[in-house]
Amino acid sequence: AFIEVSGKGLRDGMYLNGEVLISEINEVVEIDRDLLLDGNEIYVIQEEVLKRISIEVIKMDESSALVRGIPNGTILAEMQLSGIEVGDSVKAMVVE
């Protein structure tokens, strides 16, 4: 890792030792950023019904988002849906 620093007595090309403090992020799932609705919601299928749930966005980059709040076993609607509304009956098909 390269980190820019400045200070008295430092010259270009010098090497320094340091520590970086990080924290672990638990219970986070990476999803396609395009699945986010209004920034903090996603479509899911629960009991064959399309629903919209709120999630917490932890971090985003150009193509994906790290989110919290999707219960284990949840079926995500992994595409943009047109002609279907929240509350409509849907069937999920698992392709392996």
Side-chain angles (χ1 to χ4, degrees):
F2 293 94
I3 300 173
E4 184 177 323
V5 296
S6 61
K8 291 184 177 182
L10 296 178
R11 294 185 314 275
D12 190 29
M14 290 180 77
Y15 289 90
L16 302 171
N17 290 325
E19 293 181 20
V20 176
L21 301 176
I22 61 171
S23 61
E24 186 175 323
I25 301 174
N26 295 315
E27 301 176 12
V28 173
V29 177
E30 183 175 17
I31 64 170
D32 191 320
R33 185 176 173 166
D34 292 338
L35 298 180
L36 294 174
L37 307 167
D38 299 328
N40 67 341
E41 293 185 320
I42 57 171
Y43 285 125
V44 298
I45 301 169
Q46 294 177 340
E47 300 175 8
E48 296 188 356
V49 174
L50 183 67
K51 296 184 178 182
R52 206 169 155 153
I53 64 168
S54 294
I55 46 106
E56 176 186 3
V57 177
I58 305 299
K59 181 182 177 193
M60 282 195 294
D61 64 25
E62 292 176 9
S63 61
S64 65
L66 295 177
V67 301
R68 182 181 291 141
I70 302 174
N72 287 340
T74 299
I75 300 171
L76 301 181
E78 292 196 26
M79 65 178 83
Q80 294 297 329
L81 303 172
S82 61
I84 302 175
E85 296 181 7
V86 170
D88 285 352
S89 180
V90 295
K91 290 200 179 216
M93 179 173 58
V94 178
V95 180
E96 295 183 30

* Walk me through it: do Ser89 and Glu48 pass the test side chain to side chain donor-acceptor pair (under 3.5 Å)? => CA-CA 6 Å; Ser89 180; Glu48 296 188 356; 5.0 Å; no
* Asked: Nearest heavy-atom pair of Leu35 and Ala77: which atoms, and what distance?
  -> CD2-O, 3.6 Å
* Asked: Among Ile84, Val86, Leu76, which residue meets the side-chain contact (heavy atoms from CB on, under 4.5 Å) test with Tyr43?
  -> Val86
* Carboxylate-amine/guanidinium proximity below 4.0 Å for Arg68 and Glu27 -> no
* Any donor-acceptor pair under 3.5 Å linking the side chain of Arg33 with the backbone of Asp61? -> yes
* To do: In sequence, state the C-alpha distance, the side-chain angles, and the governing distance for Val20 and Ile22, and then conclude on side chain to side chain contact (heavy atoms under 4.5 Å, CB included).
  => CA-CA 6 Å; Val20 176; Ile22 61 171; 4.0 Å; yes
* To do: Spell out, yes or no, whether Val29 and Met60 are grouped together once hydrophobic residues are joined by side-chain heavy atoms under 4.5 Å, including indirect joins.
  => yes
* Asked: What heavy-atom pair brings Gly9 and Met14 nearest, and what distance separates the two atoms?
  -> O-SD, 3.6 Å
* Asked: Can you check side chain to side chain contact (heavy atoms under 4.5 Å, CB included) on Ile70 and Ile42, steps first, answer last?
  -> CA-CA 9 Å; Ile70 302 174; Ile42 57 171; 3.5 Å; yes
* Structure fact -> d(Thr74 OG1, Gln46 CD) to nearest 0.5 Å is 6.0 Å
* To do: For a side-chain contact (heavy atoms from CB on, under 4.5 Å) with Val90, tell me which candidate from Ile45, Val49, Ile75 qualifies.
  => Ile45
* **Ion pair check, Lys51 and Asp88, cut-off under 4.0 Å** => no
* Asked: Step by step, would you call Leu37 with Arg52 a side chain to side chain contact (heavy atoms under 4.5 Å, CB included)?
  -> CA-CA 9 Å; Leu37 307 167; Arg52 206 169 155 153; 3.5 Å; yes
* **Residue of the set Leu36, Ile31, Leu66 for which side-chain contact (heavy atoms from CB on, under 4.5 Å) holds with Val57** => Leu36
* **Euclidean distance, Glu30 CD relative to Lys59 NZ, rounded to 0.5 Å** => 9.5 Å
